[in-house]
Number of protein chains: 2
Amino acid sequence: MRASETAYRVLRDEILSWRLAPGTPLSEVELAARLGVSRTPLRAALSRLALEGLLDTSRGRTGIVPDVSPESVAELFELREALEVHAARLAARRGDPAVFAGLAAEFARAAEVLAGQGVDAYYEVVADFDRAIDEAIANPAMCGALEGVRTHLVRARRLAGDNPERLLRAAEEHRLICEAIRDRDEALAASAVAVHLRASLNEILATLRSRIPQEGIR
Amino acid sequence: MRASETAYRVLRDEILSWRLAPGTPLSEVELAARLGVSRTPLRAALSRLALEGLLDTSRGRTGIVPDVSPESVAELFELREALEVHAARLAARRGDPAVFAGLAAEFARAAEVLAGQGVDAYYEVVADFDRAIDEAIANPAMCGALEGVRTHLVRARRLAGDNPERLLRAAEEHRLICEAIRDRDEALAASAVAVHLRASLNEILATLRSRIPQEGIR
DNA sequence: ACCAGCGCAAATGTATACAAAACTGTGAAT
DNA sequence: ATTCACAGTTTTGTATACATTTGCGCTGGT
């Protein structure tokens, strides 16, 4: 594994998991020492993070971990809506009905999965769903854009936490989306995605607002 | 100006303007010598181009200028449709009607502009339109995604050339979009964008197919 | 004639030294 | 008290030397 790749993955994981808090400056020399690589590959990792929006280089010379504000989450979800509504349409148009029928069954069993195997097992089903969408639309440009918003979503979701009731409703929303795609109903798939995104956004914003007083936004 | 920034802009311009043809290998040592910078800033420029999709690093170690195939253009336009249809909806929802009324008037004069000042003056109006959309939606995440597709579009457009009849029809389509946004008619704005994109794609694909025999796709 | 194995060469990946630029704190003057 | 200027310090930007990898061609065998 290349040193630049290692540094990138470590830093990306630390940012997405909130081990690196928003506002933390990412100094080249300090990180190079901590990760045991020289500044050259570390710079490559930082510039890659910056281009993906996981590092804010707009203020001053030293990049800082970007803040997660209600505004930034709302903006992310507008982009997410643009991409995922269209992705659902494309999936309904050319996806494999059998695949999405299977996923619909998985989501129908979400209550058992959550109770028996925990939230990680549930999120694995969601990851399967994302992969199925990518495969169905078969468009590298779309998939790349989707990948970007999913990355940022991980960070917001970690902050919002795992509300069991919300996860059950989310599973139901996913089931509806899968069934619409299975039935090749583009309009319904698009609407079902829009419904799901609105509910998700509201959940995250509610959690975010209740936590702001404790966290301290700069 | 930083050397890495200079190298990035030069290479980006050379790729978008087709001075660097698809398939051309971008060797670090060769480019560093040609642009008069060392390999370190040049590498930063290349990695940035690769992340933006203007350099294909998936085949072999040395990156090559990506091909522009009918498939890749069609894929780009699916992403473009996802983003621009939603952007038009957002612009209709919260844009300044006066701004888009003014742009509609500009597009109505497109025939004069094209005849009197040439295609560059017309494309400047389109650039004004893009800026107005960005300002109206006021969403950095959306704007960043739009910027990406516009960049790739430049390359496809250069290939397709400037068909005068098509430009006149495109101006008319833009006028309709602006009027819909001006009237805060989200559904019409979305439809008008979809119409425009389909016509643009068909034009580019037609030109592309007629040129393939001469150009030689690898 | 073709294929496998090997070695060379050219390209990229990394480390480090040096240059330049930008923030910080101090000091004095208004 | 505030602001401006300046120097020092820290941080990033660049160049170059070295390490490592990978692709390619040569040679020998079948």
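Naming: A, B, ... by sequence-line order, numbering from 1 per chain.
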**Request:** Taking side chain to side chain contact (heavy atoms under 4.5 Å, CB included) as the test, write out the residues that go with B:Pro164, two or more places apart.
**Result:** none
**Request:** Heavy atoms only: give me the nearest B:Ala87-B:Ile137 pair and the separation to one decimal.
**Result:** O-CG2, 3.5 Å
**Message:** Tell me whether A:Arg39 is salt-bridged to A:Glu28, with the criterion being a basic N under 4.0 Å from an acidic carboxylate O.
**Reply:** yes
**Prompt:** Between the side chains of A:Ser58 and A:Asp56, does any donor sit under 3.5 Å from an acceptor?
**Reply:** yes
Check: protein-nucleotides 20-24 of chain C nitrogen or oxygen pairs below 3.5 Å:
residue, atom, partner, partner atom, Å
C:dC23, O4', A:Arg61, NH1, 2.5

**Request:** Flag this pair as yes if the NZ/CZ of A:Arg182 is under 6.0 angstrom from the six-membered ring centre of A:Phe100 and inside a 45 degree cone about the axis; otherwise no.
**Result:** no
**Request:** State, without any angle test, whether B:Glu106 and B:Tyr122 hold a side-chain donor-acceptor pair at a distance under 3.5 Å.
**Result:** no
**Prompt:** When you list every nucleotide of DNA chain D with an atom under 4.0 Å from a heavy atom of chain B, which one comes first 5' to 3', and which comes last?
**Reply:** D:dG13 to D:dG23
**Message:** Just by distance, no angles: are the side chains of A:Ser200 and A:Arg157 close enough, under 3.5 Å, to form a donor-acceptor pair?
**Reply:** no
**Message:** Ring-plane angle category for A:Phe129 and A:Phe107, please: parallel below 30°, perpendicular beyond 60°, tilted otherwise.
**Reply:** perpendicular
**Item:** Partners passing side chain to side chain contact (heavy atoms under 4.5 Å, CB included) against B:Ala127 (at least two apart in sequence or in another chain)
**Value:** B:Glu124, B:Arg131
**Message:** What's the separation between atom CG in A:Asp130 and atom OH in A:Tyr123, rounded to the nearest 0.5 Å?
**Reply:** 12.0 Å
**Request:** Calculate, to the nearest 0.5 Å, the distance between atoms CZ and CG belonging to B:Arg34 and B:Leu42 respectively.
**Result:** 9.5 Å
**Message:** Looking at every non-hydrogen atom in both residues, tell me the closest pair between A:Leu55 and A:Leu46 and how far apart they are.
**Reply:** CD2-O, 3.6 Å
**Request:** Kindly state which residues belonging to residues 39-48 of chain B come within less than 4.0 angstrom of DNA chain D, counting heavy atoms of the residue only, listed by number.
**Result:** B:Arg39, B:Thr40, B:Pro41
**Prompt:** Which of residues 2-14 of chain B sit near DNA chain C, with a heavy atom under 4.0 Å from it?
**Reply:** none
